[in-house]
Amino acid sequence: MSEITYVRGDATTPLGKGVKLIAHVCNDIGGWGKGFVLALSNRWPEPEAAYRRWHRERAGNDFALGATQFVKVDRYVWVANMIGQRGTKTGSKGVPVRYEAIDTALTPLADKALELGASVHMPRIGCGLAGGKWSRVEPLIAGRLTARGIEVTVYDHGE
């Protein structure tokens, strides 16, 4: 079983060789404009455009909590838009993160990583604006990704 590797850096500049999948959590209301998605959009226009189209055409596709969309942005880099939060605001039902949806979204992420022979790179998904706790997310990643032999690197931004 692989271990999760933790590094300081920017997940939009994934380390290492070979194919890389950058995973992040999106909301289920079509909003894109705060948090990690800004770093993605500064680097590539395709993930935002694909997510917005996916949401706009949701009546005819699988856009919902737990769904994952894959967007190729470079010869060796893909972005996984994973729907893992309900809305964008903390309210009567608590924080936006939905751990079950993240858990569900990690299965197609693992399948795609194995298909591509890719490593997975991410910020601490679900733990920024979504309000989640890493102590709840980390075991999901271990169970769905590293248990299947997939290399995972988690990036902490800043000092």
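Quick caveat: nothing in here was measured; it's all calculated off a predicted structure. The figures that follow rest on heavy atoms only: side chains count, while hydrogens, waters and symmetry mates do not.
Placement of Met82 and Ile22 in two distinct hydrophobic clusters is found when ILVMFWY residues are connected by side-chain heavy-atom separations under 4.5 Å, directly or transitively. Taken together through direct or relayed side-chain contacts under 4.5 Å among Ile, Leu, Val, Met, Phe, Trp and Tyr, Tyr6 and Ile125 form part of one hydrophobic cluster. Under the 4.5 Å side-chain contact rule for hydrophobic residues, Val37 and Ile29 do not share a cluster. Taking hydrophobic clusters as Ile, Leu, Val, Met, Phe, Trp and Tyr residues chained together by side-chain heavy-atom distances below 4.5 Å, Tyr99 does not share a cluster with Phe36. Hydrophobic clustering, with ILVMFWY side chains joined whenever heavy atoms are under 4.5 angstrom apart, keeps Leu106 apart from Ile83.
Residues Thr146 and Glu3 form no side-chain contact, since every pair of their non-hydrogen atoms from C-beta on lies 4.5 Å or further apart. No side-chain heavy atom of Val25 sits less than 4.5 Å from a side-chain heavy atom of Val97. In this structure, the side chains of Thr90 and Pro96 come closer than 4.5 Å at one or more pairs of heavy atoms. Put simply, the side chain of Thr13 does not reach to within 4.5 Å of the side chain of Tyr155, judged on heavy atoms.
Each side chain to side chain donor-acceptor pair (under 3.5 Å) pair with one or both residues in residues 63-87, not counting sequence neighbours, appears once here: His24-Asn81, Asp28-Arg86, Gln69-Asn81.
Here the closest non-hydrogen pair linking Ala67 and Ala105 is O-CB, 4.1 Å. Of all heavy-atom pairs between Asp156 and Arg124, the closest is OD1-NE, 2.7 Å. Listed here is the closest heavy atom pair of Ala113 and Val120: CB-CG2, 3.9 Å. When all heavy atoms of Leu21 and Ala80 are compared, the closest pair comes out as CD2-CB, 4.3 Å. For Ala130 against Val95, the heavy-atom pair with the smallest separation is O-CB, 3.5 Å. Nearest heavy-atom pair, Arg43 versus Thr12, reported as atom, atom and distance to 0.1 Å: NH1-O, 2.5 Å.
Ion pairing between a basic and an acidic side chain is recognised when a charged N comes within 4.0 Å of a carboxylate O; Asp111 and Arg148 show such pairing.
Within the 3.5 Å criterion, the main-chain N or O of Trp32 finds a donor-acceptor partner in the side chain of Arg52.
Interatomic distance, CG of Leu38 versus CD of Glu48, reported as 8.5 Å (0.5 Å rounding). Note: Asn61 CG to His55 NE2 = 10.0 Å, rounded to the nearest 0.5 Å. A distance of 11.5 Å separates OH in Tyr51 from OG in Ser41, rounded to the nearest 0.5 Å. In this structure, the separation between CG on Leu65 and CD on Glu100 is 9.0 Å, given to the nearest 0.5 Å.
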Walk me through it: do Leu109 and Leu145 pass the test side-chain contact (heavy atoms from CB on, under 4.5 Å)?
-> CA-CA 8 Å; Leu109 177 68; Leu145 301 175; 4.0 Å; yes
For the pair Val77 and Trp44, evaluate side-chain contact (heavy atoms from CB on, under 4.5 Å) and give the outcome as yes or no after the intermediate values.
-> CA-CA 11 Å; Val77 181; Trp44 304 285; 4.1 Å; yes
Check against side-chain contact (heavy atoms from CB on, under 4.5 Å), Thr88 and Leu129 | CA-CA 8 Å; Thr88 58; Leu129 296 171; over 6 Å; no
Check the pair Ile141, Met122 against side-chain contact (heavy atoms from CB on, under 4.5 Å), reporting the backbone distance first and the verdict last.
-> CA-CA 11 Å; Ile141 293 164; Met122 64 180 70; 3.5 Å; yes
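Between the side chains of Trp54 and Asp62, at least one donor N or O sits under 3.5 Å from an acceptor N or O.
In the displayed structure, Glu151 atom CD is contacted under 6.0 Å by at most 12 heavy atoms of other residues, nucleotides or ligands.
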